[in-house]
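Inspection log for the structure reproduced underneath, given as structure tokens.
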Amino acid sequence: MTARILDGKALAATIREEIRDEVSRFVEQRGVQPCLAAVLVGEDPASQVYVRNKQRACERAGIASQLHRLAETCGEDELLQLVADMNADPAVHGMLVQLPLPAQIRAEKVLVAVDPAKDVDAFHPENVGRLVQGRPRFLPCTPHGVQQLLVRESIEIAGAHVVIVGRSDIVGKPLANMLVQRGAGGDATVTLCHSRTRELADVTRSADILIAAIGRARFITADMIKPGATVIDVGINRTDDGLVGDVDFEAALAVAGAITPVPGGVGPLTIAMLLHNTLAAAGALI
Ligand code: GUN
């Protein structure tokens with residue numbers, strides 16, 4: 001058996017076209033161009049690439065974008081002032097502070113300073129709380145991309161056992177919360193695994209849908225996958241062999257029923273969902 005490849009790149013292109021059409025109608029009807037402001041602190045090479053990709057995607061969708069850069073050595077107050085300025089700027093509808101931040105800055109201080117109505121990453125505690133309660137304002141971008149991929153590829157989520165490996169605030173925790181909600185795209189039975197999980201392979205082998213979001217190259221091996229399962233790889237790891245996911249892709253192909261590649265899987269969907277949130281933010285603010 002060879003697994004079906006879930007082409008996240010192609011799906012992201014479709015979603016981005018849908019959003020471009022929606023943006024165009026929005027501008028025509030409301031006379032305002034949605035705008036995303038991004039803050040990049042320091043020179044982290046991966047963050048620079050991510051932010052550049054976000055800006056390019058905005059441009060192609062007809063969304064305005066701003067980039068605010070601060071030095072690696074900048075103080076917390078300077079960053080908080082910039083966030084306050086963007087909160088107050090009526091031309092900015094969505095904003096994000098690219099993570100990770102330098103050690104002298106407390107990320108939780110910064111994330112709580114973002115106006116929840118402009119928080120297109122959905123990292124603000126108010127937005128996290130709303131998500132947990134099943135009445136989200138914004139869905140966090142990477143988990144939303146994973147959910148869209150499953151739904152649009154007709155992979156049954158309701159009643160499925162979803163095993164997520166990795167309990168990060170950005171992916172694992174919010175995704176677990178989304179997939180257990182009632183209704184479309186939810187109703188799964190979710191197990192959230194982490195570094196202290198006992199007999200991890202036994203747990204992952206019971207997954208109908210296995211989601212790897214740990215940030216360790218090729219951590220999920222073929223023997224950890226139930227034959228026919230859907231495998232979603234959220235990992236992006238830089239190795240001597242180039243970019244690889246959290247799943248041993250070549251070996252997993254022979255066991256899984258469907259699988260996302262890296263690159264070209266979940267990554268492109270994250271940006272598509274950021275555009276979706278920016279348009280939604282503009283719609284709610286104008
Ligand atoms: N760093 C890694 N992923 C993300 C993300 O989704 N948003 C932001 N702001 N920073 C990140």
Side-chain angles (χ1 to χ4, degrees), residues 8 12 15 35-58 63 65-70 72 74 76 79-80 82-83 86-87 92-103 105-116 118-125 127-128 131 136-149 164 166-178 211-216 232-238 243 245-246 262-263 265-278 280-281:
I15 294 174
C35 174
L36 173 71
V39 180
L40 178 58
V41 183
E43 309 285 335
D44 179 69
S47 291
Q48 295 193 55
V49 172
Y50 292 144
V51 167
R52 198 181 322 128
N53 288 344
K54 289 171 186 181
Q55 296 216 276
R56 200 180 308 142
C58 279
I63 293 173
S65 71
Q66 299 177 359
L67 173 59
H68 300 271
R69 297 196 67 149
L70 293 176
E72 181 79 30
C74 95
E76 203 172 83
L79 177 52
L80 289 173
L82 178 56
V83 169
M86 293 191 299
N87 283 344
V92 171
H93 307 110
M95 71 162 99
L96 65 90
V97 179
Q98 188 65 30
L99 303 177
L101 290 168
I105 296 176
R106 291 166 292 180
E108 69 277 12
K109 274 266 189 192
V110 176
L111 299 181
V112 80
V114 173
D115 179 347
K118 297 188 177 187
D119 171 37
V120 286
D121 266 334
F123 291 167
H124 189 287
N127 286 327
V128 176
L131 173 77
R137 177 188 276 121
F138 301 114
L139 293 172
C141 301
T142 301
H144 194 194
V146 171
Q147 188 184 44
Q148 281 293 304
L149 183 71
I164 302 171
R167 57 177 154 181
S168 70
D169 289 339
I170 294 183
V171 182
K173 278 194 250 173
L175 184 54
N177 272 295
M178 286 166 60
I211 301 174
I214 13 174
R216 289 175 63 175
I232 306 291
D233 191 347
V234 184
I236 302 176
N237 307 288
R238 275 154 237 277
L243 281 189
D246 289 351
V262 176
V266 174
L269 289 161
T270 296
I271 293 191
M273 303 334 291
L274 177 67
L275 302 177
H276 170 89
N277 282 352
T278 304

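Atoms within a ligand are numbered from 1 in the order they appear, just like the ligands themselves. Since the structure is predicted, the reported quantities are computational estimates derived from the model, not experimental observations.
- No side-chain heavy atom of Thr270 sits under 4.5 Å from any side-chain heavy atom of Tyr50.
- Side-chain N or O atoms of Asp121 include none that pairs as donor or acceptor with a backbone N or O of Cys141 at under 3.5 Å.
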Working note: Met273 + Leu139, criterion side-chain contact (heavy atoms from CB on, under 4.5 Å); need CA distance, chi angles, decisive distance, verdict. CA-CA 8 Å; Met273 303 334 291; Leu139 293 172; over 6 Å; no
Could you check ligand 1 for N or O atoms lying under 3.5 Å from protein N or O atoms and list the pairs with distances?
{"unit_1": "ligand 1", "atom_1": "1 (N)", "unit_2": "Gln98", "atom_2": "NE2", "d": "3.3"}
{"unit_1": "ligand 1", "atom_1": "1 (N)", "unit_2": "Leu99", "atom_2": "O", "d": "3.0"}
{"unit_1": "ligand 1", "atom_1": "7 (N)", "unit_2": "Asp121", "atom_2": "OD1", "d": "3.2"}
{"unit_1": "ligand 1", "atom_1": "7 (N)", "unit_2": "Asp121", "atom_2": "OD2", "d": "3.2"}
{"unit_1": "ligand 1", "atom_1": "9 (N)", "unit_2": "Val97", "atom_2": "O", "d": "2.9"}
{"unit_1": "ligand 1", "atom_1": "9 (N)", "unit_2": "Asp121", "atom_2": "OD2", "d": "2.6"}
{"unit_1": "ligand 1", "atom_1": "10 (N)", "unit_2": "Gln98", "atom_2": "NE2", "d": "3.3"}
{"unit_1": "ligand 1", "atom_1": "10 (N)", "unit_2": "Leu99", "atom_2": "N", "d": "3.0"}

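- Counting heavy atoms from C-beta on, the side chains of His144 and Gln147 come closer than 4.5 Å.
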If you apply the rule side-chain contact (heavy atoms from CB on, under 4.5 Å), what do you find for Leu96 with Leu36, and how did you get there? CA-CA 8 Å; Leu96 65 90; Leu36 173 71; 4.2 Å; yes
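- Arg106 is linked by a side chain to side chain donor-acceptor pair (under 3.5 Å) to Glu76, counting only residues two or more places apart in sequence or in another chain.
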